[in-house]
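As the structure lists them, so they are numbered: ligands from 1, and atoms in each ligand from 1. FYI, side chains are in, hydrogens and waters are out, and symmetry mates aren't considered; it's all heavy atoms of this structure. The chain is numbered in sequence order, starting from 1.
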Amino acid sequence: MSLLSVDRLSTHYVGAAGTVRAVDGVSLEIAEGETVALVGESGCGKSTLGKSLVRLVDPSSGNVTFKGRDVTAMAGRELQSVRRSIQMIFQDPFASLNPRHTIRSILTAPLAVHGIGERKQRDAIAAKMVAHVGLPADSLDRYPHEFSGGQRQRIGIARALILQPELVICDEPVSALDLSIQAQILNLLVEMKTERSLSYLFISHDLSVVRYFADRVLVMYLGRIVESAPTSELWTGAKHPYTRALLAAVPDPSRRKKAAPITGDLPSPHNPPSGCRFHTRCPLATDICRAEDPAFRQFGSGHAAACHHAQ
Ligand code: ADP
Ligand code: MG
């Protein structure tokens with residue numbers, strides 16, 4: 001059974017300048033223990049999708065089901081309990097860590113909110129968590145600004161894991177870090193996953209980051225999922241021209257034949273192109289692409305793409 005199931009989810013931002021169709025009819029599944037990557041250019045709707053899953057923004061239509069319960073219909077206590085099970089890690093841990101709070105208070109706050117333990121027990125849980133994510137033992141009484149970028153992301157991870165969630169949505173968790181630090185944080189996430197039997201939705205604009213990490217990759221373009229495939233298969237047999245263009249931008253000496261990297265800007269999500277949303281930038285586009293929205297088609301087990309010309 002799926003841990004998380006998303007059915008035709010749309011999240012639109014309505015403002016003075018019109019409606020931004022940030023997420024526009026997305027369906028996906030995450031199985032227990034699975035790491036699913038969500039990739040696509042900046043602005044395609046990845047963060048909005050991630051936040052919609054935990055109702056940090058409210059979807060406009062569609063459903064999110066976590067362990068058989070409809071998250072989109074939840075309120076109050078029930079929503080709070082599901083938020084304990086689904087945690088988020090953000091790109092910029094500094095922006096999400098209150099500068100006036102010590103690490104102790106940052107880590108024990110979620111425990112207090114959920115009524116876990118007495119103060120002493122909460123302190124002990126926080127101390128254990130600090131050690132677990134590889135922070136110095138004296139971290140608890142220090143403030144976020146006293147830590148490096150990589151250490152702050154360790155604090156973000158500790159805070160996300162302290163409630164023992166089942167699913168963690170990682171929104172570009174290493175994008176702001178130096179390359180050498182990126183590897184350390186990715187390793188930590190892999191370790192945590194194995195130890196705690198977590199599932200991840202791992203959001204990244206960078207395909208090279210997900211290659212050795214994800215079981216399956218979802219490729220998003222302008223509010224839609226355009227391809228879904230097991231990671232290794234995506235690398236060797238991508239079907240969608242957008243996926244191929246993204247892959248062409250990743251340096252890889254083992255790939256001989258290269259597609260042309262993507263050119264042009266992402267069209268406005270205020271007014272997405274007719275038919276296939278990618279047709280304005282697609283080297284294969286023909287009349288049908290301008291007229292008809294392509295259906296998601298299966299290309300073997302667990303591999304699907306939405307393209308009129310995919311074979
Ligand atoms: P990504 O994470 O892939 O970069 P986002 O989900 O942040 O994409 O953004 C998707 C689209 O929604 C973009 O056009 C962005 O400008 C717009 N957007 C994001 N957040 C808001 C908001 N709070 N209000 C209005 N528009 C937003
Ligand atoms: Mg984002």
Side-chain angles (χ1 to χ4, degrees), residues 4 6 8-28 30 35-62 64 71-72 86-97 149 152-153 156-157 160 167-177 182 185-186 189 200-210 213-214 216-228 234 240 242-243 245-247 249-250 261-262 264-273 277-278 280-281 306:
L4 182 92
V6 175
R8 286 166 291 175
L9 192 77
S10 292
T11 302
H12 297 173
Y13 297 108
V14 181
T19 300
V20 180
R21 292 154 71 168
V23 174
D24 210 25
V26 163
S27 298
L28 63 91
I30 300 176
T35 296
V36 176
L38 177 67
V39 303
E41 282 164 287
S42 176
C44 72
K46 304 181 297 297
S47 294
T48 302
L49 177 55
K51 288 179 194 161
S52 302
L53 303 181
V54 287
R55 301 268 305 276
L56 285 177
V57 294
D58 273 321
S60 318
S61 63
V64 177
V71 179
T72 32
I86 311 177
Q87 291 286 321
M88 272 192 94
I89 297 170
F90 298 95
Q91 169 172 355
D92 181 358
F94 202 47
S96 64
L97 299 173
R152 281 178 205 152
Q153 196 52 289
I157 292 168
L167 174 65
V168 181
I169 300 169
C170 308
D171 191 354
E172 311 247 16
V174 300
S175 300
L177 304 174
Q182 287 194 6
I185 297 298
L186 287 174
L189 289 171
Y200 285 134
L201 178 65
F202 189 92
I203 297 175
S204 178
H205 69 278
D206 183 353
L207 261 168
S208 59
V209 168
V210 312
F213 187 70
R216 200 151 52 83
V217 181
L218 305 172
V219 181
M220 191 166 183
Y221 187 77
L222 213 59
R224 293 268 176 89
I225 306 291
V226 297
E227 184 155 14
S228 163
L234 193 89
H240 200 287
Y242 178 62
T243 310
L246 282 183
L247 286 167
V250 177
I262 187 130
D265 292 329
L266 191 67
S268 163
H270 277 103
N271 194 6
R277 290 172 182 211
F278 187 56
T280 56
R281 300 164 86 189

Heavy atom of the protein closest to atom 17 (C) of ligand 1 (residue, atom name, distance): V20 CG1, 3.8 Å
Protein residue, atom and distance nearest to atom 7 (O) of ligand 1, heavy-atom basis: S47 CB, 3.9 Å
Polar side-chain atom of Q153 near backbone of V174 as donor-acceptor pair, under 3.5 Å: no
Protein contact to atom 19 (C) of ligand 1 [nearest heavy atom, distance to 0.1 Å]: Y13 CE1, 3.5 Å
S42 neighbourhood, listing ligand 1 atoms whose heavy-atom distance to it stays under 4.0 Å: 4 (O)
Contact check: A22 vs ligand 1, nitrogen or oxygen atoms, below 3.5 angstrom: no
Residue Q91, metal the Mg ion (ligand 2), N/O/S under 2.8 Å: no
Region of T48 engaging ligand 1 - heavy atom pairs below 4.0 Å: both
Aromatic ring pairing F213/Y200, orientation class (parallel under 30°, perpendicular over 60°, tilted between): parallel
From CA spacing to verdict: side chain to side chain contact (heavy atoms under 4.5 Å, CB included), L189, I89: CA-CA 11 Å; L189 289 171; I89 297 170; 4.0 Å; yes
Ligand 1-proximal atoms of H205, by part, heavy-atom distance under 4.0 Å: neither
Option with minimal heavy-atom separation from atom 13 (C) of ligand 1, where the choices are S52, S204, G43: G43
For ligand 1, the portion of C44 having any non-hydrogen atom under 4.0 Å away: both
